[in-house]
Each structure stands twice: as structure tokens, then as C-alpha cells.
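Here's the structure we're looking at; comments come further down.
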Number of protein chains: 2
Amino acid sequence: MTTDDPRGRILDAAEALLRRHGPDKLAVVDVARALGMSHANVYRYFGSKTELFGELVARWLGRLEGPLAAIAAEPGPAPDRLKRWALTLHRQKREKVSVDPEMFAAFDKAAEMARPSVAGHLAHLHAQLTAILADGKAAGLWPGVTEHSALDVFTAISPFSHPALVLADGATDRSAQLARVIDLIDAGLRSST
Amino acid sequence: MTTDDPRGRILDAAEALLRRHGPDKLAVVDVARALGMSHANVYRYFGSKTELFGELVARWLGRLEGPLAAIAAEPGPAPDRLKRWALTLHRQKREKVSVDPEMFAAFDKAAEMARPSVAGHLAHLHAQLTAILADGKAAGLWPGVTEHSALDVFTAISPFSHPALVLADGATDRSAQLARVIDLIDAGLRSST
DNA sequence: CAAATTACAGATTTCAATATTTGTAATTCA
DNA sequence: TGAATTACAAATATTGAAATCTGTAATTTG
């Protein structure tokens, strides 16, 4: 049974075209043609090309968030979860590059015109990190946690997940280095002031 | 007295053109014309356009390194120097963006074709950071310092100096956040293992 | 003979005409 | 009347011919 939700069908077609032809050749006109409808009809469901791209990016980023949200919500010691959360985020991003670099570049480019989606994604990640840090503080393990900690920690490990930097490094595995950085941060959070 | 060193005069002319017209309009032909010589003569002193750009970038980056090297070589407590070193690096980069964004973009673009110069720059910064960390370890303040620490610390604070990220944030001052990240790292280095 | 020049082939860039795409409005369809 | 279409203006992208640039070699200058 093919879904009857027009927005979903349009997004699926757009994603398929993005995968096939890359971001430069993704036109609303082509999406419409692939679905056998006029391009004006697409504008009934999406106010603009930017909005369509935004939904596409949000959907893609949402898929990355699932496993991370699971780790953030788990019981268990916060330091362990922090490390697994960071390593998972790094691995997810790196996988996208090595498995399908063209696709990653496509979404990287697409994200340019979809700032709000990216901001939402970052807000989700920030919330997850805040939760983990709060758990560690509540358990008395991390007296150093403050209101700024989530932002600071996320910034410090961003070189391992930021698209521009992940793209630059190509497929090199930096998990070992990330693990060391997390250990350093963990140690820092264990001391007060 | 104008210098008689041809390489220096060529680099000066190239830098002036880069400032005036941006990186896309910087042609060897124009550099030669500005000096009243044939472009072929420029190739007597630089093997290629890439090499010329490389020297230009190296010179520019070298100017940033001076104040940093001074801080690294100072006597005084390592944690204090680490913080000032990191803040100075951040400020230097940010100044370039806010004072003259076009110029920064020019050198960012120029750096693309001058990878070796950038690598050399990073090697210098790495060496400075290594020295500061070694001092702190020798003083018994930072038992956590290992052979990897310089790289790890540099990576963690790279969001505050990497061109792509400094450029993205525009002129926003993130010194306060950087200071917190440094404090976190400092605390981490103070604990062993 | 060292320092520069002119001459030139191949690669790259520019530019303007042409075609496509975006987004809106007026119109048709069921 | 809701769902789509055709029609169209303005913005954007494509294209290919002409101009420019890079890098090398042969030649000139003092």
C-alpha cells in the first residue's frame, strides 16, 4: 500500500533524486515530473523549495538522532553514556561520509538552505547532552557541571561531528582520539569550581 | 631604500593585489604587471602560482605565530599561559574576520592551494602547545599530560580557531566560552590517568 | 652569462545569449 | 469546492565562443 500522504510522497521522490543526481540537479520541477504531476502542485504542499529542502534535511537528521536519544535516556552511569553518546555521534557522521560521500555532500549543501532544520537538530542534541550531564551531577560524580557545560562539551567535541571537519578528514577513524578527549572532559567535570 | 630582493618585492605586490581585488582576481600576470615586469620573469623566482601563494600564506600565518610563540616561551605558570595562548589564538583569528572579512576569505581561499604552508603553521602551533603542556607536567601541576595531550587539547579548542568555524560565527565574541573550555581542560589535566 | 624578454600551447576564466527553474495567478477538472 | 492544471514574469543556471592565464622554451639584452 503506497501512502496517500502527498507531502511524504513528494519528500520520498525528492530524496531519491537527491541520491541519484546530487544537490545541484535537484529541481522542484524534476521532483514533480518524477511523480507525474505539475510543479505548481508541489507548491500546494510546500511553500517554497527551501521549505521542501528543510523537511528533507530534518528527516535525515532525525534518523541520526534516534540512537543518540536512546543512549541519553538509558539508565546507567553518566560517564559511560557520555562516551558512548559522543562516539556514536562521531560514527554516525563518519559513516555517512565513507559509505556515500556524494550523499553526505548533498545533504551538507542542502543544509545550507535549511538552517532552521539544522538549528532544531542541534537543539535536540544539546538537550540530550544536558540530560546526561544532569544525571552525572545528580549522582555526585560531576560536581563541575554548570548551566554552560552542555554547550562547552558539545563545542569541544564538535570537531568530531561538524560536517565541514568530518568532510575534510575524509574517512579517517578518530574514535580513539575522541575517546581521549572525552576522558579529559570527564576528568575535568569530576573536579568542582 | 626599496629592497632589492626580488622574491620579497613580488610577494609584496601579490599581497597588495590580494587585498585590493580578492583571491579570485589574483593572477601571476597582474602581479608581474604591477611590478612592470613580464610574467615569465616571476617564474624565475617562483616555480608556480601555487608556490607563490604558499609563500604568501606562510608569511601571513607567520605573523600570527609571533605573539603565540612569545606566550609559549614565557616563564610563569603553565595553566595561565595555556589560557592566554588559546585566547590569543582565538582573538587573532577573529580579528581577521571582523576587521577585514574579505581579506580573511581571501586567505582562506588562498590556503586551499597552499596546504603545505597550513600544515607547517599547525606544526608550529602544536609545538608551542606541547611546550606549555610539558612545563605544566614538569611543575607537577598536570599529571594527566601524555604524548597525545597537545593534539587532543588543540582539537578540543579548534572550534575557536578553525577558519571554517570562525568564518561561520562571524564576529561574535566567544572568548568567555573558550575560557570555560580551557578551565575544563585544565581541571582534567590536573587529575592523573 | 645572468636577467630578463617575447612567443606560444594548453588550461582556465569570462561573458553574453539561451534555456531552465521558481514562485504566483488565473483557469480547469471531477 | 478541493485538487489539480496551464500560463507567465522574474530569477537562476547552462553553454559555448572569445579572452585570459599558466607554465615552458627559445631568444634578447647588458
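The analysis underlying the following values was restricted to heavy atoms, covering all of them including side chains, and did not include hydrogens, waters or symmetry mates. Chain A is the first sequence line, chain B the second, and so forth, proteins listed ahead of strands; every chain is numbered from 1.
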Protein-nucleotide distance (A/K49, atom NZ; C/dG23, atom P), rounded to Å
8 Å
A/H39 or B/V29: which one's nearest nucleotide on DNA chain D is closer to the 5' end?
A/H39
d(CE, B/M113; C1', C/dA11) in whole Å
14 Å
Are the side chains of B/S161 and B/H90 in touch, meaning some heavy atoms are under 4.5 Å apart?
no
Nucleotide nearest B/A27 when distance is taken to its side chain, options D/dT5, C/dT21, D/dC21:
D/dC21
Value in whole Å for how far the P atom of C/dT5 lies from CG of B/N41
5 Å
Length of the CZ-P vector between A/R33 and D/dT6, whole Å:
13 Å
From the options D/dT22, C/dT5, D/dT6, select the nucleotide whose nearest atom is closest to the side chain of A/S38.
D/dT6
Just call it for A/A40: base, sugar-phosphate, or nothing, with non-hydrogen atoms closer than 4.0 Å on any strand.
base
Take atom CZ of B/R44 and atom C1' of C/dA2, then tell me their distance rounded to the nearest Å.
7 Å
Starting at atom CG of B/L35, determine the distance to atom C1' of C/dA3, rounded to an integer number of angstrom.
15 Å
May I ask you to verify if any side-chain N or O of B/Y43 is less than 4.0 angstrom from the OP1 or OP2 atom of D/dA25?
no
In whole angstroms, how far is the P atom of D/dA3 from the CZ atom of A/F46?
15 Å
Can you tell me which nucleotide in D/dC21, D/dG23, D/dT22 comes closest to the side chain of B/K25?
D/dC21
When you measure from the side-chain N and O atoms of B/Y45 to the phosphate of C/dA3, is any distance below 4.0 Å, counting only OP1 and OP2?
no
Go through the side-chain N and O atoms of B/D186 and B/W142 and say whether any donor and acceptor fall under 3.5 Å apart.
yes
Decide if atom CZ of B/R20 counts as having more than 12 heavy atoms of other residues, nucleotides or ligands within a radius under 6.0 Å.
no
Please examine the side chains of A/V28 and A/F46, heavy atoms only from C-beta on, and report whether any two atoms are closer than 4.5 Å.
no
Report yes if some heavy atom in the side chain of A/L184 is under 4.5 Å from a heavy atom in the side chain of B/L184; otherwise report no.
no
For A/D24 and C/dT20, give me the distance from atom CG to atom C1', rounded to whole Å.
15 Å
